[in-house]
Amino acid sequence: MDFQQIKDINNSSAMPTYGRYDLAIESGKGAVAKDFNGKEYIDFTSGIGVNCLGYADEGWANAVAAQAHKLSHISNLYYAEPTAKLTAELTAATGFDKAFLGNSGAEANECAIKLARKYSCDKYGEGRNEIITLISSFHGRTMNTLTACGQEALHPACFGPYPQGFVYCEKKLDEIKAAVNEKTCAVMMEMIQGEGGVIPLDKDFVTAVCDFAKEKDILVIIDEVQTGIGRTGKLLAFQNYGIKPDIITLAKGLGGGLPIGACLCTKELGSTMAAGSHGSTFGGNPIVCAGASYVLGKVNNEAFLAEVQEKGKYLREKLLTFKNVKSVRGMGLMIGIEVEGKTGADVVKSGIEKGVICLTAKALVRLLPPLNITKEEIDLGLERLKAAIEE
């Protein structure tokens, strides 16, 4: 099919749930994507942080293909080697005790919400079930995780009634303290609010919230769906803050291009979810787990993570020299660019014409390049992005 055929078929058969740009990618290698007309683009999005090793990474593709030839699915009624291997690798790499595997960030966050509420119910009795989340946060599109998002625009009346049990606070310690009561069981935060505008949380604020939560025996949930698996130059973003949460969630980059979600918890919470209390038909799929094991082995490396930090610093420094760039924020290879006189959507559209693919985050341009993007790919992408920003 050519691009127009793909576009026509999609528009006639798919629900119009996405505002798509006028682009269809046919193939890619590394950080270079190619459309159906043979035009090449530098991809600064990695599929919204999913293709953390870029397109067609040979080691990842071989791991996935080898498992596909061996066993594609068996269900969680039985044991599977790739699934067991990945949970062991995840707990060892992150310092948590137990892991649950699902298929997306929203599913991982659903598990975290259920886990926090059940732990609190088991310990204190029914009714201690409220979770505090932050204004501008994003945690998913299921009804629970959508309600957890601290963005009023994501809660239209047409989707109601919404689940109960969420309280929204500004990023202020006093406001969180005032919101805590006998019903509060957890505080849920992203270290960098990605969809909310690439907003890194203040370190002193995060430390103070965690100290207060510990004092009140309130669980701390850190949503690492977009920030985890090396994105910020640490394996996990919370490691930049010097804290240890009770629960974390992962997805996106962990699968390297295949759908996965993971919820991990400390030893104290490890036995909370007994058999039958949670589950997933496809969670822990052997093919996906084989790919995720490869990704984790590649990314969880000091030299690799140091390079992510260096590339992020290089990108931010270069971007600040561009005309019309008002500010640049973020960590590692998670970057938000404030452009004077233009919306993020305007820059992204122009960038596609010039051969670079970027994202938006509210009014900003957002970059989530593959973690292993080369210096040459960065420079070429910056050249094209500069033209889009300065025109």
Side-chain angles (χ1 to χ4, degrees), residues 28-33 42-60 89-90 93-95 105 190-194 198-201 203 222-243 248-257 260 262 291-320 328-337 356-359 361 364-382 385:
K29 184 68 179 175
V32 180
I42 297 298
D43 186 355
F44 277 165
T45 76
S46 57
I48 318 184
V50 169
N51 302 325
C52 67
L53 300 179
Y55 295 100
D57 179 88
E58 189 173 349
W60 178 85
E89 290 167 344
L90 277 172
T94 62
E190 305 156 278
M191 295 294 90
I192 304 175
Q193 295 180 323
V198 193
I199 305 169
L201 299 192
K203 188 173 183 178
I222 302 299
D223 179 340
E224 293 266 7
V225 168
Q226 189 166 145
T227 58
I229 313 300
R231 178 55 56 186
T232 66
K234 297 283 188 182
L235 182 65
L236 303 166
F238 76 77
Q239 293 169 338
N240 294 290
Y241 289 77
I243 62 166
I248 65 164
T249 57
L250 300 168
K252 289 190 180 290
L254 178 59
I260 192 171
S293 284
Y294 178 83
V295 168
L296 189 60
K298 191 89 169 178
V299 173
N300 190 30
N301 175 284
E302 284 188 18
F304 184 96
L305 293 170
E307 285 188 10
V308 171
Q309 294 179 30
E310 290 168 12
K311 291 170 188 174
K313 183 173 181 288
Y314 179 77
L315 266 165
R316 290 190 296 274
E317 288 175 349
K318 288 288 186 181
L319 288 164
L320 284 169
V328 179
R329 59 184 184 242
M331 289 184 197
L333 287 173
M334 184 173 182
I335 297 170
I337 311 163
V356 61
I357 310 173
C358 304
L359 297 161
L364 276 69
V365 178
R366 178 174 34 150
L367 307 184
L368 298 170
L371 303 181
N372 58 349
I373 189 171
T374 66
K375 173 73 162 39
E376 293 72 25
E377 290 167 338
I378 290 174
D379 285 341
L380 183 54
L382 283 173
L385 181 56

Practice problem: Identify, with sequence neighbours excluded, every residue that meets side-chain hydrogen bond (donor to acceptor under 3.5 Å, both in side chains) alongside T94. | Solution: none
Quiz prompt | Test side-chain contact (heavy atoms from CB on, under 4.5 Å) applied to L90 and L250, step by step | solution = CA-CA 10 Å; L90 277 172; L250 300 168; 4.0 Å; yes
Quiz item: Excluding sequence neighbours, so at least two apart, what forms side-chain hydrogen bond (donor to acceptor under 3.5 Å, both in side chains) with Q193?
Solution: K171
Practice problem: Give the intermediate values and the outcome of side-chain contact (heavy atoms from CB on, under 4.5 Å) for residues L333 and L367. | Solution: CA-CA 7 Å; L333 287 173; L367 307 184; over 6 Å; no
Quiz item: Are any non-hydrogen side-chain atoms of P200 and T232 less than 4.5 angstrom apart?
Solution: no
Quiz prompt | Test item: R316 side-chain N/O and I335 main-chain N/O as donor-acceptor pair under 3.5 Å | solution = no
Exercise. Indicate the atoms forming the closest heavy-atom contact of A56 with G28, along with that distance.
Key: CB-O, 3.6 Å
Quiz item: Residues two or more places apart in sequence or in another chain: which of them pass side-chain hydrogen bond (donor to acceptor under 3.5 Å, both in side chains) with E302?
Solution: none
Self-check item: By salt bridge (Lys or Arg N to Asp or Glu O under 4.0 Å) - contacts of E377 (at least two apart)
Solution: none
Quiz item: Is it true that a side-chain atom of Q226 and a backbone atom of G49 form a donor plus acceptor pair closer than 3.5 Å?
Solution: no
Quiz item: Do I229 and K252 touch side chain to side chain, with heavy atoms closer than 4.5 Å?
Solution: no
Exercise. Answer yes or no: is there a side-chain heavy-atom contact under 4.5 Å between L201 and Y241?
Key: yes
Exercise. Give, for atom OG1 of T227 and atom CG of N240, the distance between the pair rounded to the nearest 0.5 Å.
Key: 9.0 Å
Exercise. Return the set of residues passing salt bridge (Lys or Arg N to Asp or Glu O under 4.0 Å) with K29 (not counting sequence neighbours), or none when no residue passes.
Key: none
Quiz item: Residues in side-chain contact (heavy atoms from CB on, under 4.5 Å) with Q239, at least two apart?
Solution: K234, L235, L236
Quiz item: Looking at residues at least two apart in the chain, or sitting in another chain, which of them share a side-chain contact (heavy atoms from CB on, under 4.5 Å) with L359?
Solution: T45, I48, R366, L368
Quiz item: Hey, does M191 have a side-chain heavy atom less than 4.5 Å from the side chain of I222?
Solution: yes
Exercise. Could you list the residues that satisfy side-chain contact (heavy atoms from CB on, under 4.5 Å) with D57, not counting sequence neighbours?
Key: L53, W60, Y294, N372
Quiz item: Has the side chain of N301 got a donor or acceptor atom that lies under 3.5 Å from a matching backbone atom of K298?
Solution: no
Can you give each donor-acceptor pair under 3.5 Å made by side-chain atoms of residues 304-311, sequence neighbours left out, with the distance rounded to 0.1 Å?
residue, atom, partner, partner atom, Å
Q309, NE2, G233, O, 2.8
K311, NZ, L371, O, 3.0
K311, NZ, I373, O, 2.9

Quiz item: Going by the side-chain hydrogen bond (donor to acceptor under 3.5 Å, both in side chains) test, which pairs reach into residues 46-55, not counting sequence neighbours?
Solution: D43-Y55, S46-R231
Quiz item: For D379, which residues count as a side-chain hydrogen bond (donor to acceptor under 3.5 Å, both in side chains) partner, sequence neighbours excluded?
Solution: Y314, K375
Self-check item: Counterpart residues, side-chain contact (heavy atoms from CB on, under 4.5 Å), relative to A292 (two or more places apart)
Solution: L86, L254, I260
